[in-house]
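Starting from 1, each residue takes its place in the sequence as its number.
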Amino acid sequence: MFEERLTLSVLSEEGLRAIEATAYRLLDQVGISLQHTAATEMLHGRGCRIEQGRVYIPEHVVQWALKNVTAHRSVYRVDGSPAHTYGDGRVRFHNGGGPPFVYDLESGARRPATLQDVADVTRLLDALPNVDVVIPLLTPQDVPAELMVVASTETMLRHTLKPVAAAAVEKPAQVPYLVEMAAACCGGMEAFRRSPTMSIYVSPVSPLTFTHDVTACILAVAQSGAPFHSLPAPSLGATGPITMAGALAQQHAEVLASLVLAACAQAGAPVLYCSRINPIDLRTATSSWGGPEVGMSGACAAQLAHRLGLACDSFGFCCSTGRLDPQLGYQRLSNALIPALAGVDLLSGVATLDSGLCGGFEAAVIDDEMIGVIKQIAGGCPVNDDTLAFDVMSAVIPRDGIFLSERHTVRHMRRKALWVPAVSDAGATGEESIGVVARARERAQHILQTHQVEPLPEDVQRTLADIMARARHELPGA
C-alpha cells in the first residue's frame with residue numbers, strides 16, 4: 001500500500017545547484033594540475049585550454065564526458081554470477097582498505113599486518129552476512145612495497161566468493177595483473193569484459209592534482225574494462241576548504257575531472273562516484289576520521305552523484321580511536337547512519353580503526369552488527385494491509401490478547417520485523433554480561449575456526465600463482 005522508508009536529504013535543490021556551479025567554475029577557471037603528457041594532449045583535443053602547466057576544462061567537455069561513460073550498476077561475484085544492482089534503493093556495505101597495522105585477534109596487540117592476516121580477515125568478511133563487497137582490508141608489510149597491491153588482491157580472491165574490489169592502485173603497471181586475476185576467476189578476459197567482476201579505485205590528489213602515475217592508473221583502469229571508482233579524499237582545512245560546501249565543490253570537480261579522463265581513455269567506461277572528505281584534528285594538523293563531517297559529507301555526495309545518474313560510495317564506518325570503546329560506537333554509527341539514510345549506494349569502512357591506520361577482526365564483527373541496526377532503521381515503517389494487522393487484532397484481542405503464537409507474528413519475525421542482535425548482550429546483566437567486545441572476539445574466532453570458502457578450481461589457482469610469479473619478476477623493485 002505505502003512504502004514508508006526512512007530517508008534524509010541534507011542539501012536543498014538550491015544548495016546542490018550552487019555546489020555544482022562552483023565545481024564547474026573550478027574546472028574552467030582554476031583548472032587541474034595534469035602531469036601526464038598524453039592525457040594533456042587528449043584533453044586539449046577535446047577543447048580544454050592549456051596554460052602554464054594547468055589544464056582548464058570547460059563545462060561542455062564535462063557534459064561530453066558524462067554522456068560517454070556508463071554508470072557502474074551491475075555487480076558480480078568472483079565467479080561471474082550476478083550479485084546485486086546499485087541504484088535499487090538499497091545500501092550495500094564493504095570493508096575499508098589500506099591499513100598497514102592490525103590488532104591481533106589473540107593478544108589484542110597492534111602489529112604490522114601480514115599477508116596471512118589478509119587471508120584470515122577476508123575469510124571472516126566472507127562469512128559476515130551484512131558485508132556485501134570485499135576489498136583487501138590490510139596492506140601486508142611482509143611483501144615488497146611494489147607487490148602489496150597485487151599480492152593482497154590475489155590473496156583476497158582465494159578467500160571469498162563475494163563481489164570484490166581491488167586494493168587502490170598507485171602504479172599503472174599493477175592494473176593488468178589485477179584484471180588478469182579477476183578474469184581467471186570468472187572464465188577469461190571476454191567474460192570479464194562482458195560482466196566485470198572487480199572494481200578498481202584510483203585516488204586523485206587533492207586539491208585538483210593528477211600526477212603522472214594517478215592519471216596513468218585512471219587511463220589503464222578505463223581501458224581494461226574494470227569499473228573505475230574515482231576516490232578523492234580532501235581534508236577539511238588542509239587539502240580542501242574547511243567549509244563542507246567548499247570541500248564538496250572541490251571533490252565534485254575532482255570526480256568530474258576523473259570522469260573526463262576515463263571517457264577520453266575508453267568510451268563507455270563504467271564509473272562510480274566516491275566521497276572520502278575528512279576533517280583534520282586542528283591540534284595536530286592530521287586527518288581525523290571520527291568527526292561527524294565524514295557522514296554528513298557522504299550524505300551530500302550521494303545527492304550530487306545521483307544527479308549525475310551515478311551510484312555513490314562513501315565512507316561511514318570510521319573512527320579516530322584505536323580502542324573498541326564507546327567512542328568507536330558513537331563515531332561509527334553516526335557516520336554510517338546519516339549517508340545510509342541519504343541513499344548512498346555503497347558504504348565503506350567496515351573493520352577499520354584509528355583513522356584508517358589499523359584493521360581489526362572484532363571491529364569487523366561489531367560493524368556487521370551495526371549494519372543490521374542501520375538496515376532496520378532505514379527500512380522505516382512499511383504500511384499495507386498485512387502490516388496494519390487488523391484481521392489479526394480483531395481475532396486476538398477479544399480472545400486472549402496474546403499475539404506471540406500467531407502465524408502473523410512468526411511470519412513477520414522471519415522477515416525481521418524486530419532486530420535480533422548477534423553479539424550484543426540481550427538480557428544479560430551484571431556478572432552475566434561479558435560485553436560486546438568479548439562476544440565479537442569469540443564470534444570472530446569461531447568463524448575463523450569453522451568457516452571455509454569453497455576453493456577456486458585448481459586450474460584457476462594455478463593461473464593466479466603464475467600471474468603472481470610474473471608480477472614478482474616483472475614489476476620494478478619487486
Side-chain angles (χ1 to χ4, degrees), residues 5-8 90-97 99 103 105 121 124-135 137 162 275-276 278 289-299 302 312-356 358-380 416-426 428 433-447:
R5 292 186 64 85
L6 190 59
T7 58
L8 170 71
R90 294 179 57 190
V91 57
R92 267 76 184 198
F93 301 85
H94 73 91
N95 59 287
Y103 287 103
L105 182 57
V121 79
L124 175 63
L125 293 165
D126 183 80
L128 293 176
N130 290 317
V131 176
D132 301 291
V133 179
V134 177
I135 69 175
L137 173 65
K162 288 183 176 181
S275 174
R276 296 294 187 273
N278 58 95
W289 289 84
E293 295 83 7
V294 178
M296 287 292 291
S297 61
C312 182
D313 172 344
S314 80
F315 220 55
F317 287 96
C318 51
C319 62
S320 55
T321 181
R323 292 185 293 271
L324 299 172
D325 61 7
Q327 181 178 333
L328 174 140
Y330 69 73
Q331 287 184 339
R332 295 172 90 76
L333 185 57
S334 61
N335 274 317
L337 181 59
I338 298 301
L341 295 181
V344 72
D345 302 277
L346 190 57
L347 200 55
S348 176
V350 169
T352 57
L353 304 95
D354 198 10
S355 292
C358 208
F361 293 85
E362 299 99 323
V365 174
I366 293 170
D367 286 344
D368 189 73
E369 182 102 323
M370 285 191 194
I371 294 172
V373 175
I374 290 169
K375 287 181 176 179
Q376 196 76 5
I377 295 171
K416 300 183 178 179
L418 301 180
W419 175 68
V420 179
V423 296
S424 303
D425 281 337
S433 174
I434 65 172
V436 68
V437 175
R439 287 179 182 272
R441 183 177 300 113
E442 288 180 353
R443 187 176 185 210
Q445 291 169 334
H446 177 73
I447 288 173

Check whether [X] reaches the backbone of [Y] with its side chain - one donor and one acceptor, N or O, closer than 3.5 Å.
X      : Y      : value
Gln331 : Phe317 : no
Tyr103 : Glu362 : no
Asn335 : Gly291 : yes
Asp345 : Asp313 : no
Asn278 : Arg276 : yes
Lys416 : Gly372 : no
Glu369 : Ala422 : yes

So which heavy atom on [X] is nearest to which on [Y], and how close?
X      : Y      : value
Val133 : His94  : O-CB, 3.0 Å
Asp367 : Ala351 : OD2-N, 2.7 Å
Pro129 : Asp368 : CD-OD2, 3.4 Å
Gly96  : Ser348 : CA-OG, 4.0 Å
Ala302 : Gly343 : CB-C, 4.3 Å
Val91  : Ala340 : CG1-CB, 4.4 Å

Test of understanding: with side chain to side chain donor-acceptor pair (under 3.5 Å), list the residues that count as partners of Arg443, not counting sequence neighbours.
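Scan of Arg443 (side chain to side chain donor-acceptor pair (under 3.5 Å), adjacent residues dropped) gives none.
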
Among Val294, Leu346, Val344, which residue satisfies the side chain to side chain contact (heavy atoms under 4.5 Å, CB included) criterion with Pro339?
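Answer after filtering Val294, Leu346, Val344: Val344.
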
What distance separates [X] [atom1] from [Y] [atom2], expressed to the nearest 0.5 Å?
X      : Y      : atom1 : atom2 : value
Leu333 : Ile366 : CG    : CD1   : 12.5 Å
Thr7   : Leu341 : OG1   : CG    : 8.0 Å
Ser320 : Gln327 : OG    : CD    : 4.5 Å
Asn95  : Leu128 : CG    : CG    : 10.0 Å
Asp354 : Cys319 : CG    : SG    : 7.5 Å
Ile374 : Leu347 : CD1   : CG    : 6.5 Å

Considering only heavy atoms from C-beta outward, does the side chain of [X] approach that of [Y] to under 4.5 Å?
X      : Y      : value
Leu353 : Leu324 : yes
Leu328 : Asp325 : yes
Met370 : Phe93  : no
Val131 : Leu124 : no

Counterpart residues, ring pair (Phe, Tyr, Trp, His ring centres under 6.0 Å), relative to Phe315 (two or more places apart)
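Partners of Phe315 under the ring pair (Phe, Tyr, Trp, His ring centres under 6.0 Å) test: Trp289.
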
Can you list the residues that meet the salt bridge (charged side-chain N to carboxylate O under 4.0 Å, His left out) rule with Asp126, with sequence neighbours excluded?
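Checked Asp126 against salt bridge (charged side-chain N to carboxylate O under 4.0 Å, His left out); zero matches.
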
